[in-house]
Amino acid sequence: MVDALHARDMLENTIIVFSSDNGGPADGFNDNAASNWPLRGVKNTLWEGGVRGAGFIWSPLLRNVSRVSHQMVQVVWHELDSGAPTRRIEILHNIDDIWGSAALTVGNWKLVKGSHYNRTWDGWYGPAGIRDEKAYSLEAVANSSAGRVMVELDLLPSHERITQLRREGTVSCGAGAHMANECNPLEGACLFDVESDPCEYNNLADEQLHTLQDLLARLADYNSTAVPPTNLQDDLRGAPELWNYTWHNFGDELEPEVLPNENEEV
């Protein structure tokens, strides 16, 4: 793609963005084998392994390039372009009153309440992957189709800078912090400092009661404006390929007059 855009003199006015939509389904979740290591949880959970995403943006139009951003994402071009501090400090990850789960991050504090799958996927799942910097071939990057274009345009960072960027983008959970305070979100809300503890090892709910109450109140405020969730039982009206329906209104109830499908034998 980069090579084709360059050949057509379009690359200079191009913005390329890669982004995951959620964490990976790890360790056999839905028969998959992704890895969110060293983060906690998997896709469809509210732990960092389920809600954090990896992203990458490249463009010759960017002013502040060759950097790693640890900010909350806000799709505002000025901030992405310049690297200026984002005004966004809050993310409501989800509120699901059917599963009984919710999570909210404000600044460096994250509240986790409830769990999915009866805590089956609340752990840490590998594989850890290759962390040896020598295992990443910088020559392969430079010699790829996109890399050759970047070299030609003098837009590829040096090997030293690429190595530094990879280090800055690596999540580190610290030594000896594992399970400092156990969190059971089915028994009570859990609180984490995800800036210093991105792997959600150390539950600070008992130590930071004021912060915990503030976030619970903020979560309740969000929930007061929520519409009913849609992950309910299947509605037969959503399967028109099976039957043709004539619907009659009986007070508060909708009852179908079931007619055979025109393709079915009578």
Side-chain angles (χ1 to χ4, degrees), residues 17-56 68-73 90-132 135-136 166 169-205 215-216 219 222-223 226 229-233:
V17 179
F18 290 88
S19 178
S20 62
D21 59 346
N22 46 247
D27 201 46
F29 183 90
N30 288 347
D31 298 323
N32 287 286
S35 175
N36 304 314
W37 189 90
L39 300 176
R40 187 174 188 174
V42 298
K43 175 181 178 179
N44 206 33
T45 71
L46 298 178
W47 304 107
E48 291 293 277
V51 301
R52 280 203 185 196
F56 172 83
V68 174
S69 174
H70 296 283
Q71 298 182 154
M72 292 184 181
V73 171
E90 184 170 306
I91 297 177
L92 174 64
H93 299 291
N94 197 29
I95 297 175
D96 192 323
D97 288 329
I98 291 180
W99 279 99
S101 63
L104 169 71
T105 295
V106 179
N108 59 307
W109 294 108
K110 181 181 177 185
L111 173 76
V112 179
K113 187 179 178 183
S115 178
H116 294 184
Y117 311 107
N118 197 30
R119 301 204 64 198
T120 302
W121 295 99
D122 281 6
W124 294 262
Y125 310 97
I130 300 172
R131 312 299 287 183
D132 184 358
Y136 293 96
R166 285 175 171 168
T170 298
V171 175
S172 176
C173 296
H178 185 67
M179 299 308 294
N181 291 303
E182 172 62 25
C183 163
N184 185 342
L186 294 180
E187 296 179 353
C190 305
L191 182 70
F192 301 95
D193 182 344
V194 288
E195 183 175 321
S196 62
D197 178 27
C199 295
E200 296 166 298
Y201 289 150
N202 190 14
N203 175 26
L204 299 174
L215 266 64
L216 285 170
L219 191 65
Y222 271 120
N223 207 12
T230 59
N231 51 335
L232 306 175
Q233 293 184 352

Evaluate the ring planes of Phe56 and Phe18, with Trp represented by its six-membered ring, and classify them as parallel (under 30°), tilted (30 to 60°) or perpendicular (over 60°).
tilted
Across all chains, not counting sequence neighbours, the salt bridge (Lys or Arg N to Asp or Glu O under 4.0 Å) partners of Glu90 are Arg218
Sorted by chain and residue number, the side chain to side chain donor-acceptor pair (under 3.5 Å) partners of Asp193 (sequence neighbours excluded) come out as Asn108, Ser196
Asn36 side chain to Gly41 main-chain N or O, any donor-acceptor pair under 3.5 Å?
yes
Do any N or O atoms from the side chain of Tyr125 and from the backbone of Gly123 form a donor-acceptor pair under 3.5 angstrom?
yes
side-chain contact (heavy atoms from CB on, under 4.5 Å) filter on His116, not counting sequence neighbours, yields Asn44, Trp99, Ser101
Glu200 side-chain N/O to Glu48 backbone N/O, donor-acceptor pair under 3.5 Å
yes
Would you call Phe192 and Trp47 a side-chain contact if the rule is heavy atoms closer than 4.5 Å?
yes
Does Ala54 offer a backbone N or O that forms a donor-acceptor pair with the side chain of Ser20 under 3.5 Å?
yes
Heavy-atom distance under 4.5 Å between the side chains of Arg40 and Val112, does that happen here?
no
Would you check if Asn118 and Leu186 make a side-chain contact, meaning some heavy-atom pair closer than 4.5 Å?
yes
Contact check, side chains of Asp97 and Asn223, non-hydrogen atoms, under 4.5 Å
yes
Pro198 versus Cys173, closest heavy-atom pair with distance
CG-SG, 4.5 Å
Taking only residues two or more places apart in sequence or in another chain, which ones pass side-chain contact (heavy atoms from CB on, under 4.5 Å) with Leu92?
Ile95, Leu104, Leu219, Tyr222
Return the minimal non-hydrogen interatomic distance between Leu111 and Ala189, and the atom names on each side.
CD1-CB, 3.7 Å
Find out whether Asp122 and Pro185 are in side-chain contact, i.e. whether some heavy atom of one side chain is under 4.5 Å from a heavy atom of the other.
yes
Closest contact, heavy atoms only, Arg166 versus Thr170
O-OG1, 2.7 Å
Does the side chain of Arg52 reach to within under 4.5 Å of the side chain of Val171, using non-hydrogen atoms?
yes
Closest approach of Cys199 to Trp124 (non-hydrogen atoms, all atoms of both residues)
O-NE1, 2.9 Å
Sorted by chain and residue number, the side-chain contact (heavy atoms from CB on, under 4.5 Å) partners of Ala34 (sequence neighbours excluded) come out as Pro25
The salt bridge (Lys or Arg N to Asp or Glu O under 4.0 Å) partners of Asp27 (sequence neighbours excluded) come to none
Are Leu191 and Trp109 close enough that some pair of their side-chain heavy atoms sits under 4.5 Å apart?
yes
Starting at CG of Asp21, measure out to NZ of Lys43 and round the result to the nearest 0.5 Å.
6.5 Å
Rounded to the nearest 0.5 Å, what's the gap from CZ on Arg119 to CD on Glu187? Could you check?
8.0 Å
Once rounded to the nearest 0.5 Å, what's the spacing between atom CG of Asn202 and atom SG of Cys190?
11.0 Å
Is there a donor-acceptor pair closer than 3.5 Å between any side-chain N or O of Asp96 and the backbone N or O of Ile98?
yes
One should read off an interatomic distance between Leu46 CG and Ser115 OG, to the nearest 0.5 angstrom, of 8.5 Å
